[in-house]
S.K.: 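Can you read through this structure? Questions will come right after.
Chain identifiers are assigned alphabetically (A, B, ...) following the order of the sequence lines, protein sequences preceding nucleic acid strands; residue numbering begins at 1 within each chain.
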Amino acid sequence: MGRSAVTARIQRAFFDRPTRRVARELLGTTCWVRGGAGVRSVRIVETEAYVQDDPANHAYRGPTRRNRSMFERPGTLYVYRIHQVVCANVVTRPGEAVLLRGGAPLGGLEGSGSGPGRLCRLLGVNIHDDGIDTVRGSRIGFAPCADRVGRIRIGPRVGVSRATERRLRYFVDGDRAVSRPRRSSALT
DNA sequence: GAAAAGATTACCT
DNA sequence: GGTAATCTTTTCC
């Protein structure tokens with residue numbers, strides 16, 4: 001990279017599009033988090049779309065205290081807690097969002113970014129980041145895809161107990177940071 | 001006010 | 001492959 005580390009930032013119009021398209025096009029982008037110890041970043045390699053009329057969507061039954069961030073502007077971060085870990089989403093259209101499921105560490109960052117909980121732990125994302133703006137905020141942002149993305153594949157979502165047949169999961173084929181269903185060894 | 005479920009992960013046998 | 005950990009939100013009585 002001959003230029004500065006962050007050459008550009010993904011704007012709000014990127015997120016204000018159909019959720020499945022955003023989920024697919026987030027693959028290969030860089031997600032950075034500015035913390036006390038510096039900036040941590042990963043290359044996004046796995047996402048899942050949560051859309052309307054989707055029983056697995058936290059916003060399926062409308063706004064609640066937990067999911068209020070999902071009704072904020074496109075590009076807003078929706079962070080929720082599940083068991084003892086947190087997961088991060090980016091809001092697209094009202095009540096819809098993209099779950100960040102896998103990221104490959106960049107810039108010497110060490111650890112595993114495979115899985116939504118591990119990804120948040122790697123980046124240092126916590127529950128207090130819920131509701132922040134990734135477009136204008138200084139804490140977390142996305143940079144456009146710099147280099148070529150591998151083959152993109154689509155498959156069933158992981159971990160959800162409803163609407164499991166829907167193919168709303170996008171991932172870069174063969175990337176190490178992609179989580180896999182525990183079910184079988186068969187590649188989707 | 002109480003009980004159940006959950007977009008997970010780590011560790012057990 | 002199966003289950004416990006762990007705790008907040010949601011839902012029901």
S.K.: The side chain of A:R66 is closest to which nucleotide in this list: B:dA7, C:dT9, B:dT8?
M.R.: C:dT9
S.K.: Can you get from A:V160 to A:V86 by hopping between Ile, Leu, Val, Met, Phe, Trp and Tyr side chains that sit under 4.5 Å apart?
M.R.: no
S.K.: Compare the minimum distances between each of C:dT9, B:dG6, B:dA7 and the side chain of A:I82, then state the nucleotide with the smallest one.
M.R.: B:dG6
S.K.: Could you tell me the separation between the CZ atom of A:R101 and the P atom of B:dT8, rounded to a whole number of Å?
M.R.: 5 Å
S.K.: Please confirm whether the backbone N or O of A:R21 pairs with a side-chain atom of A:R24, one donor and one acceptor, at under 3.5 Å?
M.R.: no
S.K.: Heavy atoms only, 4.0 Å cut-off, all strands: where does A:E48 land among base, sugar-phosphate and nothing?
M.R.: nothing
S.K.: Of the listed nucleotides (C:dA5, C:dC7, B:dA7), which one gets closest to any side-chain atom of A:Y78?
M.R.: B:dA7
S.K.: Is A:Y80 stacked on the base of B:dA7, with ring centres under 5.5 Å apart and planes under 30° apart?
M.R.: no
S.K.: Which is it for A:R101 and A:E48 under the salt bridge (Lys or Arg N to Asp or Glu O under 4.0 Å) test, yes or no, and what are the steps along the way?
M.R.: CA-CA 7 Å; A:R101 279 200 65 90; A:E48 276 179 3; 3.7 Å; yes
S.K.: Quick one: A:L119 CG to B:dT8 P, roughly how many Å, whole number?
M.R.: 13 Å
S.K.: When you measure from the side chain of A:V85, which nucleotide among B:dA7, B:dG6, B:dT9 comes out closest?
M.R.: B:dT9
S.K.: Looking only at non-hydrogen atoms, find the nearest pair between A:S179 and A:R169 and report the distance.
M.R.: O-NH2, 2.6 Å
S.K.: Categorize A:R121 for me: base, sugar-phosphate, or nothing, with a 4.0 angstrom heavy-atom threshold over every strand shown.
M.R.: sugar-phosphate
S.K.: Any side-chain N or O of A:T64 below 4.0 angstrom from OP1/OP2 of C:dT9?
M.R.: no
S.K.: Nearest to the side chain of A:R81, which nucleotide is it out of C:dC7, C:dT10, B:dA7?
M.R.: C:dC7
S.K.: Mind calculating the distance between CG (A:N57) and P (C:dT10) to the nearest angstrom?
M.R.: 13 Å
S.K.: In whole angstroms, how far is the P atom of B:dG6 from the NE2 atom of A:H58?
M.R.: 10 Å
S.K.: Anything below 3.5 Å on both distances counts as a pair; with that, list the stems of at least three consecutive Watson-Crick or G-U pairs involving DNA chain B.
M.R.: B:1-6 with C:7-12, B:8-12 with C:1-5
S.K.: Please assess A:R12 against A:D133 for the test salt bridge (Lys or Arg N to Asp or Glu O under 4.0 Å), listing each intermediate value before the final yes or no.
M.R.: CA-CA 10 Å; A:R12 201 171 309 284; A:D133 185 10; 2.9 Å; yes
S.K.: Tell me, please, whether A:Y50 has A:R157 positioned over its six-membered ring: NZ or CZ under 6.0 Å from the ring centre and within 45 degrees of its axis?
M.R.: yes
S.K.: Look up atom CG in A:D129 and atom CG in A:L77, then write down how far apart they are to the nearest 0.5 Å.
M.R.: 6.5 Å
S.K.: Out of B:dT9, C:dT6, B:dA7, which nucleotide sits closest to the side chain of A:R118?
M.R.: B:dT9
S.K.: Distance check needed: B:dG6 C1' versus A:N89 CG, whole Å only.
M.R.: 14 Å
S.K.: Are A:H58 and A:Y80 an aromatic pair by the rule of ring centers under 6.0 Å?
M.R.: yes
S.K.: Could you check how far CD1 of A:I127 sits from P of B:dT8, rounded to whole Å?
M.R.: 15 Å
S.K.: To the nearest Å, give me how far apart CG (A:D130) and C1' (B:dA7) are.
M.R.: 15 Å
S.K.: Nearest whole angstrom, please: distance from the C1' of C:dT3 to the NE2 of A:H83.
M.R.: 11 Å
S.K.: Give me the distance, rounded to whole Å, that separates B:dA7 from C:dG1 when you measure between the C1' atoms they each carry.
M.R.: 22 Å
